[in-house]
Enquirer: 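Let me give you the structure first, and then I'll get to my questions.
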Amino acid sequence: MSVRVRFAPSPTGYLHVGGLRTALYNYLFARHHGGKCILRIEDTDRTRFVENAQENLISSLSWAGIEFDESPDKGGDFGPYIQSERFDLYRKYAQELIENGNAYYAFDTAEELDAMRERQQKAGVAPKYDRSVMRNQYTLGPEETENLFKANAPFVVRLKVPLTGEIRFSDIIRGEVVVNGRDVDDQILLKSDGFPTYHLANVVDDHLMQISHVIRGEEWLPSTPKHVLLYDAFGWERPKFAHLPLLLNKDKTKLSKRQGSVAVEDYAGKGYFKEAFVNFIALLGWNPTADREIFSMQELIEFFSLEKVNKAGAVFDTQKLDWMNSQYLRALDLNDLAVRFKPLADEAGFSGFDNDYLAKVIGLLRERVNLLIEIPVFGNYMFEKPKEYDEAYVLKHWKDTTLELVKPLVELFKNAPNFEHQTTHDITMAYVESQGLKLKDVIHPLRLMITGKSVGAGMFETMEVLGKDECIERFNIFIDKKEKGEI
RNA sequence: GGUCCCAUCGACUAACGGUUAGGUCACCAGCCUUUCACGCUGGCAGUAGGGGUUCGAAUCCCCUUGGGAUCACCA
């Protein structure tokens with residue numbers, strides 16, 4: 001059997017990180033097995049439709065590097081891939097179930113259903129559609145049912161769940177799951193507006209699109225018995241199921257908006273590399289080996305297997321994501337990083353620097369930050385002259401004698417044959433030794449004059465990237481201010 | 001509450017009956033040093049509890065406890 005899987009989001013907003021992981025696992029599984037990965041939009045609920053949500057979803061998915069073989073954009077042999085364009089189908093299949101006795105018409109109003117649930121709650125039983133007393137084709141009889149149709153009474157189609165016996169199915173991740181038929185509700189398949197519910201549309205489409213493996217979040221586990229019943233009722237072969245463990249908040253509840261960002265686009269916006277984010281997400285609930293953390297998409301594909309997916313939920317804790325991002329920051333090509341950094345620099349107000357310079361700055365600072373986006377803040381002095389000088393740092397390292405100590409050194413720098421870090425280092429070293437001092441006696445004052453800050457990359461490397469003219473200018477500005485007593 | 005799922009360091013996880021229970025992040029200490037980092041070395045820290053099965057259990061079974069998901073004409 002050829003592998004065909006699908007990611008089937010609802011267009012209700014942005015792509016959730018849990019959704020991204022589900023999509024990713026589907027993608028990895030498909031690619032690993034040389035199968036097809038399909039994107040299907042499940043928009044059967046008109047009330048939850050959000051403008052541009054579909055575009056948003058697709059752009060987040062593509063940012064992450066997840067490509068689909070068949071999708072609304074791309075088309076394919078099993079389209080359309082948007083459920084709202086497939087409505088006729090669902091009605092037809094609902095009809096088929098009515099005819100073979102696996103589904104039935106019901107005419108209850110919302111009020112009647114509420115009343116039923118209230119009664120059941122009072123009686124202390126689980127709320128469940130009671131087809132022996134409610135208004136449906138069984139209690140009403142053929143004649144009355146016919147009359148209601150003639151009167152255009154609103155109706156729904158419900159799944160006829162066997163009252164006795166067990167429903168069982170096997171899940172690749174969880175093994176055998178068994179539920180009693182009496183515990184399964186007569187799910188509405190076709191709503192009174194004629195639209196299908198998720199359950200019907202999902203099963204029909206998965207069958208028609210020849211989906212071999214249904215890989216989805218654990219929240220779907222409780223409704224899987226209904227889906228299994230539907231496959232059986234149609235006489236269709238069931239796909240293999242794999243219910244993924246949930247992504248969790250710190251308090252172990254299902255990952256939600258309340259406790260932090262859950263939109264994939266937010267993480268892209270925060271400056272995380274897609275490579276790091278995908279790497280991180282992939283390792284939440286699955287691990288190919290014990291002694292490795294960094295994997296490229298190709299490697300994830302190569303190693304992926306559903307059998308190694310965990311059963312327990314995983315807390316989405318971004319601490320490790322930060323570290324992972326820093327690993328990519330150090331490993332990625334500097335020119336490539338410069339291209340990615342350019343817009344971030346522009347946004348920070350540091351425009352007009354060429355990629356060559358940006359690459360050098362990144363090379364200088366990449367080991368000191370986790371995210372590229374931190375560079376304009378951490379290393380602002382690489383793009384602008386210091387606006388202020390760290391007071392505590394001045395106090396600690398600028399003595400009364402420092403000014404006279406530094407001035408001759410600046411002269412030596414002016415006459416330096418070049419400004420490579422080795423050269424300035426050697427000049428400084430020789431000077432310092434001639435004064436009977438140590439390197440650090442002068443390094444801190446230099447850092448202060450050049451950057452205004454107490455932290456940064458290696459001093460001579462920093463000076464090399466900034467260049468001779470810029471450095472001399474900064475020395476002079478500082479010395480001038482110092483002499484005027486402004487600092 | 002009913003049903004279902006789950007349970008290894010604070011977090012992510014390894015172990016598929018035999019290991020001093022391993023790795024990574026975070027945290028702590030030391031080394032390195034030109035500040036901050038990186039790096040290196042070391043440390044802290046875990047099988048929820050109780051019963052079985054077995055020569056031997058984190059691993060298999062049962063119970064308890066705890067957590068979660070789900071119970072709509074949402075998906």
Side-chain angles (χ1 to χ4, degrees), chain A residues 8-12 42-45 47-48 106 108-110 113-114 117 120-121 124-128 154-158 171 173-175 177-180 182-185 187-199 201-202 216-225 243 245-246 248 250-254 280 283-294 307-308 310-324 326 330 365-369 378 390 393 396-397 425 428 438-444 446-448 451 453-461:
Chain A
S10 284
T12 54
E42 309 222 328
D43 58 345
T44 52
D45 185 3
T47 62
R48 296 212 310 169
D108 316 277
T109 63
L113 291 169
D114 286 344
R117 289 190 194 103
Q120 291 168 329
Q121 197 165 4
V125 295
K128 191 188 156 204
F155 69 90
V156 299
V157 173
R158 282 182 183 269
D171 185 285
I173 294 167
R174 278 146 224 289
V177 179
V178 185
V179 212
N180 282 309
R182 77 174 105 89
D183 292 323
V184 178
D185 205 2
Q187 182 62 49
I188 289 185
L189 301 175
L190 212 57
K191 302 182 243 182
S192 57
D193 61 6
F195 287 22
T197 56
Y198 166 87
H199 308 279
N202 188 266
R216 76 223 310 190
E218 193 189 341
E219 68 267 29
W220 292 108
L221 200 53
S223 50
T224 305
H243 287 93
L246 260 18
L248 273 22
K250 282 205 191 349
D251 67 1
K252 305 266 187 186
T253 54
K254 186 164 124 179
F280 175 68
L283 264 31
L284 249 30
W286 170 75
N287 213 297
T289 164
D291 51 14
R292 232 185 110 175
E293 303 288 336
I294 305 298
E307 284 71 23
K308 295 208 81 176
N310 291 143
K311 292 183 179 69
V315 172
F316 182 76
D317 180 352
T318 55
Q319 216 161 37
K320 197 164 182 175
L321 170 61
D322 288 337
W323 169 80
M324 217 169 243
S326 77
R330 279 164 216 177
L365 301 175
R366 78 209 301 197
E367 284 185 359
R368 270 147 249 261
V369 294
F378 183 87
D390 187 310
Y393 197 48
K396 188 169 180 195
H397 293 286
H425 171 271
T428 309
K438 291 194 170 146
L439 196 56
K440 64 179 169 189
D441 292 324
V442 79
I443 282 236
H444 293 292
L446 288 181
R447 181 179 300 286
L448 185 60
T451 74
K453 288 183 168 183
S454 62
V455 298
M459 200 55 243
F460 301 109
E461 286 81 358

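What you see below is based on every heavy atom in this structure, not just the backbone, and it leaves out hydrogens, waters and symmetry mates.
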Enquirer: Can you check whether A:Thr44 has a side-chain N or O nearer than 4.0 Å to OP1 or OP2 of B:A75?
Expert: yes

Enquirer: A:Thr224 and A:Arg216: which non-hydrogen atoms are nearest, and at how many Å?
Expert: OG1-NH1, 3.3 Å

Enquirer: Across the strands shown, which category fits A:Thr197 at heavy-atom distances under 4.0 angstrom: base, sugar-phosphate, nothing?
Expert: sugar-phosphate

Enquirer: What contact category does A:Asn310 fall into here, base, sugar-phosphate, or nothing, at under 4.0 angstrom with non-hydrogen atoms?
Expert: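 Sugar-phosphate contact only.
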
Enquirer: Side chain of A:Pro127 only, please: which of B:C73, B:G1, B:C6 is the nearest?
Expert: B:G1

Enquirer: Which is true for A:Asp390 with a 4.0 Å heavy-atom rule: it touches a base, it touches only sugar-phosphate, or it touches nothing?
Expert: nothing

Enquirer: Report the distance from atom CE of A:Met324 to atom P of B:U24, rounded to the nearest whole Å.
Expert: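 Distance, rounded to whole Å: 13 Å.
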
Enquirer: When rounded to the nearest 0.5 angstrom, what is the spacing between CG in A:Leu448 and NZ in A:Lys396?
Expert: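 These two atoms lie 12.5 Å from each other.
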
Enquirer: Once you apply a heavy-atom cut-off of 4.0 Å, does A:Arg216 come out as touching a base, just sugar-phosphate, or nothing?
Expert: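 It contacts nothing in the nucleic acid.
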
Enquirer: Of the listed nucleotides (B:U70, B:G2, B:C4), which one gets closest to any side-chain atom of A:Lys254?
Expert: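 Nearest nucleotide to the side chain: B:U70.
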
Enquirer: Given the P atoms of B:U8 and B:U3, what is the spacing between them in whole Å?
Expert: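 Comparing P positions in B:U8 and B:U3 gives a spacing of 24 Å.
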
Enquirer: Can a side chain N or O of A:Lys252 be found less than 4.0 Å away from OP1 or OP2 on B:C6?
Expert: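 No, A:Lys252 has no side-chain N/O under 4.0 Å of OP1/OP2 on B:C6.
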
Enquirer: Tell which nucleotide pairs with B:G30, taking only Watson-Crick or G-U wobble pairs whose two distances are both under 3.5 angstrom.
Expert: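 Across any shown strand, B:G30 pairs with B:C40.
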
Enquirer: Hey, which sits more toward the 5' end of RNA chain B by its nearest nucleotide, A:Arg292 or A:Ala457?
Expert: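 Mapping each residue to its closest nucleotide by heavy atoms, the 5'-most match is A:Arg292.
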
Enquirer: Which whole number of Å gives the distance between the C1' atom of B:C9 and that of B:G46?
Expert: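 Between the two C1' atoms, the distance is 4 Å.
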
Enquirer: Side chain of A:Glu293: nearest nucleotide among B:U13, B:A69, B:U24?
Expert: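 Closest nucleotide among those given: B:U24.
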
Enquirer: Nearest of B:C5, B:C74, B:G68 to any side-chain atom of A:Lys191?
Expert: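 Nearest to the side chain of A:Lys191 among the choices is B:C74.
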
Enquirer: Please report the distance separating the P of B:G56 from the corresponding atom of B:G18, rounded so that it comes out in whole Å.
Expert: 14 Å

Enquirer: Remember a base hit wins even if backbone is also touched, and classify A:Val184 as base, sugar-phosphate or nothing at under 4.0 Å, heavy atoms.
Expert: nothing

Enquirer: Considering only B:C6, B:C73, B:A75, which nucleotide approaches the side chain of A:Leu113 most closely?
Expert: B:C73

Enquirer: Counting only Watson-Crick or G-U wobble pairs whose two distances fall under 3.5 Å, which nucleotide matches B:A14?
Expert: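 Paired with B:A14, as far as the under-3.5 Å criterion goes, is no nucleotide at all.
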
Enquirer: Check the pair A:Thr428 / A:Val442 against side chain to side chain contact (heavy atoms under 4.5 Å, CB included), numbers first and verdict last.
Expert: CA-CA 8 Å; A:Thr428 309; A:Val442 79; 3.5 Å; yes

Enquirer: Nearest whole Å is fine: how far is B:C74 P from A:Asn202 CG?
Expert: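 To the nearest whole Å, that distance equals 15 Å.
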
Enquirer: Could you work out which one of B:G10, B:U34, B:U24 sits closest to the side chain of A:Gln319?
Expert: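 Of the options given, the side chain of A:Gln319 lies nearest B:G10.
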
Enquirer: Please give the nucleotide sitting opposite B:U65 as a Watson-Crick or G-U wobble pair, both distances under 3.5 Å, or none.
Expert: B:A7

Enquirer: Round to a whole Å and report the spacing from NZ of A:Lys250 to C1' of B:A11.
Expert: 8 Å

Enquirer: Could you check which of B:A14, B:C73, B:A75 has an atom nearest any side-chain atom of A:Trp220?
Expert: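 So the nucleotide nearest the side chain must be B:A75.
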
Enquirer: Under 4.0 Å: is that the gap between some side-chain N or O of A:Asn180 and OP1 or OP2 of B:U3?
Expert: no

Enquirer: With P as the reference atom in both, quote the distance from B:G51 to B:A72 in angstrom, rounded to an integer.
Expert: 41 Å

Enquirer: Figure out the CG/C1' separation between A:Asp171 and B:C6, and round it to whole Å.
Expert: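 Result: 13 Å.
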
Enquirer: Using 0.5 Å steps for rounding, measure from the NZ atom of A:Lys438 to the CD1 atom of A:Ile443.
Expert: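 Here the interatomic distance stands at 14.0 Å.
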
Enquirer: Could you check whether the side chain of A:Arg174 and the base of B:C5 have a donor-acceptor pair of N or O atoms closer than 3.5 Å, going by distance alone?
Expert: no

Enquirer: Give, for atom CG of A:Asp441 and atom NE2 of A:His397, the distance between the pair rounded to the nearest 0.5 Å.
Expert: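 Taking CG in A:Asp441 and NE2 in A:His397, the distance rounds to 10.0 Å.
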
Enquirer: Should the pair A:His199 and A:Trp220 be assigned to parallel (<30°), tilted (30 to 60°) or perpendicular (>60°) ring geometry?
Expert: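 If you compare the ring of A:His199 with that of A:Trp220, the planes turn out perpendicular.
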
Enquirer: In whole angstrom, give the distance that lies between atom CG of A:Asp291 and atom C1' of B:A15.
Expert: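 Taking atom C1' of B:A15 as the reference, CG of A:Asp291 is at 13 Å.
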
Enquirer: I'd like the P distance from B:A21 over to B:A57, given in whole Å.
Expert: 13 Å

Enquirer: Compare the minimum distances between each of B:U35, B:C5, B:C73 and the side chain of A:Val156, then state the nucleotide with the smallest one.
Expert: B:C73

Enquirer: Go through B:U3, B:A72, B:U34 for me and flag the one nearest to the A:Val179 side chain.
Expert: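 Nearest to the side-chain atoms of A:Val179, counting from C-beta on, is B:U3.
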
Enquirer: Between A:Thr109 and A:Asp183, just flag the one whose closest nucleotide in RNA chain B comes earlier from the 5' side.
Expert: A:Asp183

Enquirer: Taking CD from A:Gln120 and P from B:C71, how many angstroms apart are they, rounded to a whole number?
Expert: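 A:Gln120 atom CD is separated from B:C71 atom P by 16 Å.
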
Enquirer: Base, sugar-phosphate, or nothing: which does A:Ser454 touch, judged by heavy atoms less than 4.0 Å apart?
Expert: base

Enquirer: A:Glu307 CD to B:C16 C1': how many Å, rounded?
Expert: 12 Å

Enquirer: Enter the distance from A:Glu293:CD to A:Asp291:CG here, rounded to the nearest 0.5 Å.
Expert: 9.0 Å

Enquirer: Measure the spacing between NZ of A:Lys308 and CD1 of A:Ile173 and express it to the nearest 0.5 Å.
Expert: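 Separation between the atoms: 13.5 Å.
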
Enquirer: When rounded to the nearest 0.5 angstrom, what distance separates CZ in A:Arg182 from NZ in A:Lys128?
Expert: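 Answer for the CZ-NZ pair, A:Arg182 versus A:Lys128, is 9.0 Å.
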
Enquirer: Using 4.0 Å as the upper bound for N to carboxylate O, is an ion pair formed by A:Arg117 and A:Asp114?
Expert: yes

Enquirer: Could you tell me whether A:Gly217 contacts a base, only the sugar-phosphate backbone, or nothing, with contacts defined as non-hydrogen atoms closer than 4.0 Å?
Expert: nothing

Enquirer: Check every atom of B:C73, B:U34, B:C4 against the side chain of A:Lys440 and return the nucleotide holding the closest atom.
Expert: B:U34

Enquirer: When we call it a touch if two heavy atoms are under 4.0 Å apart, what does A:Thr253 touch: a base, just sugar-phosphate, or nothing?
Expert: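 Answer is sugar-phosphate: A:Thr253 comes under 4.0 Å of backbone atoms only.
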
Enquirer: Taking atom P in both B:U47 and B:U59, what distance in whole Å separates the two?
Expert: 13 Å

Enquirer: Give a yes or no on whether a donor-acceptor pair under 3.5 Å exists between the nucleobase atoms of B:C12, that is its base, and the side chain of A:Lys320.
Expert: yes

Enquirer: Quantified in whole Å, what is the P atom distance between nucleotide B:G22 and nucleotide B:C4?
Expert: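 My reading of the P atoms in B:G22 and B:C4 gives 37 Å.
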
Enquirer: Take atom CD1 of A:Ile173 and atom P of B:C5, then tell me their distance rounded to the nearest Å.
Expert: 14 Å

Enquirer: Could you let me know what B:G56 is paired to, Watson-Crick or G-U wobble, both distances under 3.5 Å, or none if it's on its own?
Expert: none

Enquirer: Taking a pair as Watson-Crick or G-U wobble with both distances under 3.5 Å, which nucleotide is matched to B:C71?
Expert: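 Pairing partner, where one exists within any strand: B:G1.
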
Enquirer: Between B:A7 and B:G49, how far is it from one C1' atom to the other, in whole Å?
Expert: 12 Å

Enquirer: Under 4.0 angstrom, heavy atoms only, what part of the nucleic acid is A:Phe195 near: base, sugar-phosphate, or nothing?
Expert: nothing

